[in-house]
Amino acid sequence: MIALQIDVTGLSKTYPGGVEALKPMNLSISDGVFALLGPNGSGKTTFMRMLATLLEPTSGTATIDGQDIRKGRKQVRRLLGYLPQDFGLYPSLTVEEQLDYMGLLSEMTAPQERQAACERVMEQANLTSLRKRAVGTLSGGMRQRLGIAQALLTSPQLLIIDEPTAGLDPEERIRIRGLLAELGGDRVILVSTHIVADVEATADALVILRLGEVLFTGTIEELVNRTRGRAWEAVVTRQRLHELKEQYVFTAVHRTGGDMRIRIVAAQVAGADAQEVEPTLEDAYLDIMGLAESEAAAA
Ligand code: ADP
């Protein structure tokens with residue numbers, strides 16, 4: 001396993017106009033798949049673009065493998081592959097032509113080296129059978145795999161991928177998750193998402209962001225442990241459900257006959273015969289978000 005160390009110290013971004021997209025952040029990341037989880041607008045893209053040296057921080061910095069993102073831009077870029085959420089492709093090129101062209105843009109001038117790299121990344125992203133397909137005819141999931149293949153061309157030790165599962169149908173989403181989990185064995189992957197199940201399927205550790213603020217950093221197990229003793233299930237009438245909804249954070253609601261089976265995260269539940277249950281990652285995420293929201297409302 002390649003160990004690449006990322007150290008983030010006091011990194012922040014305030015956009016012109018005053019939006020504080022990322023509050024000063026401290027973070028250490030080493031090997032495996034590391035997820036940035038948070039709702040839209042929580043600062044994930046801002047953070048990733050700063051790490052990829054595409055956006056100037058307002059304060060603080062980060063080092064990747066000892067290289068400072070503010071001083072050694074060139075060296076840092078050599079270490080990483082970045083895939084933004086919206087990336088341009090040339091619809092009339094075939095998959096292999098697109099990759100070859102991106103190889104050229106990445107300064108792989110020797111044709112043999114470029115060809116070998118294209119073959120390798122098509123293999124890695126399961127695109128070999130699609131090599132002759134025009135890029136414009138690819139599905140969302142195939143496009144995303146092509147984007148990941150492009151980012152892998154230079155064999156970076158660090159892959160930064162922004163919301164790779166956004167807008168994909170469930171089957172394609174599962175395929176992308178599988179690919180990331182596989183690729184994470186040989187390099188560090190930093191992946192953003194607003195979907196909890198993406199994290200569960202791929203990540204070794206995660207950071208939760210809300211309105212530019214870090215709410216949690218650690219492993220999935222550590223996050224779930226925080227909600228142990230705070231997850232409940234109850235079967236209630238529809239009327240009761242509406243009353244409880246006013247007071248509690250619901251993490252699931254299912255119909256069961258004429259009644260409703262609900263899941264709640266809270267210290268305790270009054271007004272329903274609730275049983276304590278084993279928390280899921282989804283429970284833990286909604287719990288930490290709910291606590292942050294009620295703290296913000298009380299302040
Ligand atoms: P996420 O990736 O989690 O959706 P972003 O990093 O894109 O979050 O955005 C964080 C916040 O910064 C949002 O409030 C967004 O509107 C704001 N923002 C993003 N880019 C810009 C920009 N170029 N100028 C001003 N505000 C921006």
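For ligands, and for the atoms within them, numbers begin at 1 and follow the listed sequence. None of the values given here were measured: they were computed from a predicted structure.
With S42 contributing its side chain and L211 its backbone, the two residues share no donor-acceptor pair below 3.5 Å. Judged by distance alone, with hydrogens and angles left aside, the side-chain atoms of S106 form no donor-acceptor pair with the main-chain N or O of M108 at under 3.5 Å. Proximity of a side-chain donor or acceptor of Y248 to a complementary backbone N or O of A270 within less than 3.5 Å is detected. The closest donor-acceptor contact from the side chain of R240 to the backbone of G271 lies under 3.5 Å.
The nearest protein heavy atom to atom 15 (C) of ligand 1 is not closer than 4.0 Å.
Atom 8 (O) of ligand 1 has its closest protein heavy atom at G43 N, 3.1 Å. Looking only at heavy atoms of the protein, atom 17 (C) of ligand 1 is closest to V19 CG1, 3.8 Å. The protein heavy-atom contact nearest to atom 18 (N) of ligand 1 is Y15 CE1, 3.4 Å.
The minimum heavy-atom distance linking G140 with L168 is given by the pair C-CD2, 3.4 Å. In terms of heavy atoms, L93 sits closest to Y101 at CD1-CB, 4.4 Å.
Of the candidates T46, L55, L37, it is T46 that places a heavy atom closest to atom 9 (O) of ligand 1. Which of S42, A21, G41 comes nearest to atom 12 (O) of ligand 1 through a heavy atom is settled by distance: it is A21.
With ligand atoms numbered from 1 in the order given, ligand 1 contributes 1 (P), 2 (O), 6 (O), 7 (O) to contacts under 4.0 Å with heavy atoms of T45.
Residue-to-ligand polar distances keep N40 apart from ligand 1: every N/O pair is separated by 3.5 Å or more.
For the pair K13 and Y15, the cation-pi criterion (under 6.0 Å, within 45° of the ring axis) is fulfilled.
Within the 4.0 Å heavy-atom criterion, the part of P39 lying near ligand 1 is the backbone and not the side chain.
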